[in-house]
Visitor: 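Have a look at the structure that comes next, please.
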Amino acid sequence: MLLTDKAPLRFQVSMTCARWLLDHPRLGAGMQARRLASQLLKRPARLGMVEAQRRLGGLLSECGCSGRDRLAGIQMLRDAAQRGDQDAQFRLGVLLLSGQADVAMDKGQARQWLEAAGAQGHAPALELLATLGE
């Protein structure tokens, strides 16, 4: 989900820069680029911008330095998922299914998030649900 025209210009610029850093084939894999993108995403995520919540939540839940960072990332993913972001729903489902990133394994809740993403046509969620044996 992209930002609307209602978002302040400085946050649109922050999101565009963070998106470019994270989606760049070579830069996106580097830790420095991820740190810079995290800094760019913090304010828009706090203001409730779903894409920023999903991207920052994903970064923190995967490579957060502390348990507190990882839990904050999971909460951001949960916020974006509750607002209907199918990628956040999928990522949260995978985390709950595997018990990664300091989150307890919960197959029932994982299935709910995967089904929510699948209902929106998220292909990887549908494939994972098929392997779980609906």
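For clarity, every value in this text was computed on a predicted model and none was experimentally measured. Below, each value reflects all heavy atoms present in this structure, side chains not excepted, and no hydrogens, waters or symmetry copies.
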Visitor: Locate the shortest heavy-atom distance separating S14 from P44; write the atom from each residue and the value.
Guide: CB-CG, 4.4 Å
Visitor: Report the distance from atom CZ of F11 to atom CE of M49, rounding to the nearest 0.5 Å.
Guide: 6.0 Å
Visitor: Taking the side chain as everything from C-beta on, heavy atoms only, tell me whether E62 gets closer than 4.5 Å to R70.
Guide: no
Visitor: Any salt bridge between D23 and R55, counting N to O under 4.0 Å?
Guide: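 Result for this pair is yes, salt bridge flagged.
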Visitor: Quick one: do D79 and Q75 satisfy side-chain hydrogen bond (donor to acceptor under 3.5 Å, both in side chains)? Show the steps, please.
Guide: CA-CA 6 Å; D79 291 344; Q75 185 57 50; 2.8 Å; yes
Visitor: Only one of V13, L22, L21 forms a side chain to side chain contact (heavy atoms under 4.5 Å, CB included) with L40, so which one is it?
Guide: L21
Visitor: When rounded to the nearest 0.5 angstrom, what distance separates CE in M76 from CZ in R46?
Guide: 7.0 Å
Visitor: State the CZ-CD distance between F90 and E127, to the nearest 0.5 angstrom.
Guide: 8.5 Å
Visitor: Would you list the pairs meeting ring pair (Phe, Tyr, Trp, His ring centres under 6.0 Å) in which at least one residue belongs to residues 20-51, sequence neighbours left out?
Guide: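 Passing the test, one end in residues 20-51: W20-H24.
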Visitor: Evaluate the criterion side chain to side chain contact (heavy atoms under 4.5 Å, CB included) for residue pair L95 and W113; output intermediate values, then yes/no.
Guide: CA-CA 10 Å; L95 287 173; W113 286 118; over 6 Å; no
Visitor: Determine, step by step, whether R111 and E115 satisfy the side chain to side chain contact (heavy atoms under 4.5 Å, CB included) criterion, reporting the C-alpha distance in whole Å, the side-chain angles of both residues, the deciding distance to 0.1 Å, and the verdict.
Guide: CA-CA 6 Å; R111 181 178 288 278; E115 287 173 350; 3.4 Å; yes
Visitor: In sequence, state the C-alpha distance, the side-chain angles, and the governing distance for R19 and E51, and then conclude on salt bridge (Lys or Arg N to Asp or Glu O under 4.0 Å).
Guide: CA-CA 10 Å; R19 197 179 295 125; E51 182 184 4; 2.8 Å; yes
Visitor: Passes side chain to side chain contact (heavy atoms under 4.5 Å, CB included), L41 versus L59? Steps please.
Guide: CA-CA 10 Å; L41 291 169; L59 285 171; 4.2 Å; yes
Visitor: For the CG atom of L27 and the CD atom of Q32, what is their distance to the nearest 0.5 Å?
Guide: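 Taking CG in L27 and CD in Q32, the distance rounds to 10.0 Å.
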Visitor: Rounded to the nearest 0.5 Å, how far does CD of Q86 lie from NE2 of H122?
Guide: 5.5 Å
Visitor: To the nearest 0.5 angstrom, please state how far the CG atom of L92 sits from the CG atom of L97.
Guide: 11.0 Å
Visitor: Can you tell if the side chain of R78 reaches within under 4.5 Å of the side chain of I74, non-hydrogen atoms only?
Guide: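 Side-chain contact under 4.5 Å: yes.
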Visitor: Write down the atom of A80, the atom of A88, and the distance for their closest heavy-atom approach.
Guide: CB-CB, 3.7 Å
Visitor: Do the side chains of R83 and Q53 get nearer than 4.5 Å, heavy atoms only?
Guide: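 They are in side-chain contact.
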Visitor: For the backbone of L114 and the side chain of Q89, can you confirm whether one donor and one acceptor N or O come within less than 3.5 Å of each other?
Guide: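 Not at all, since once roles are kept as given, no pair shorter than 3.5 Å links the two residues.
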Visitor: Begin with the C-alpha distance, continue with both residues' side-chain angles, and end with the deciding distance and a verdict on side chain to side chain contact (heavy atoms under 4.5 Å, CB included) for L60 and L77.
Guide: CA-CA 10 Å; L60 290 175; L77 279 176; over 6 Å; no
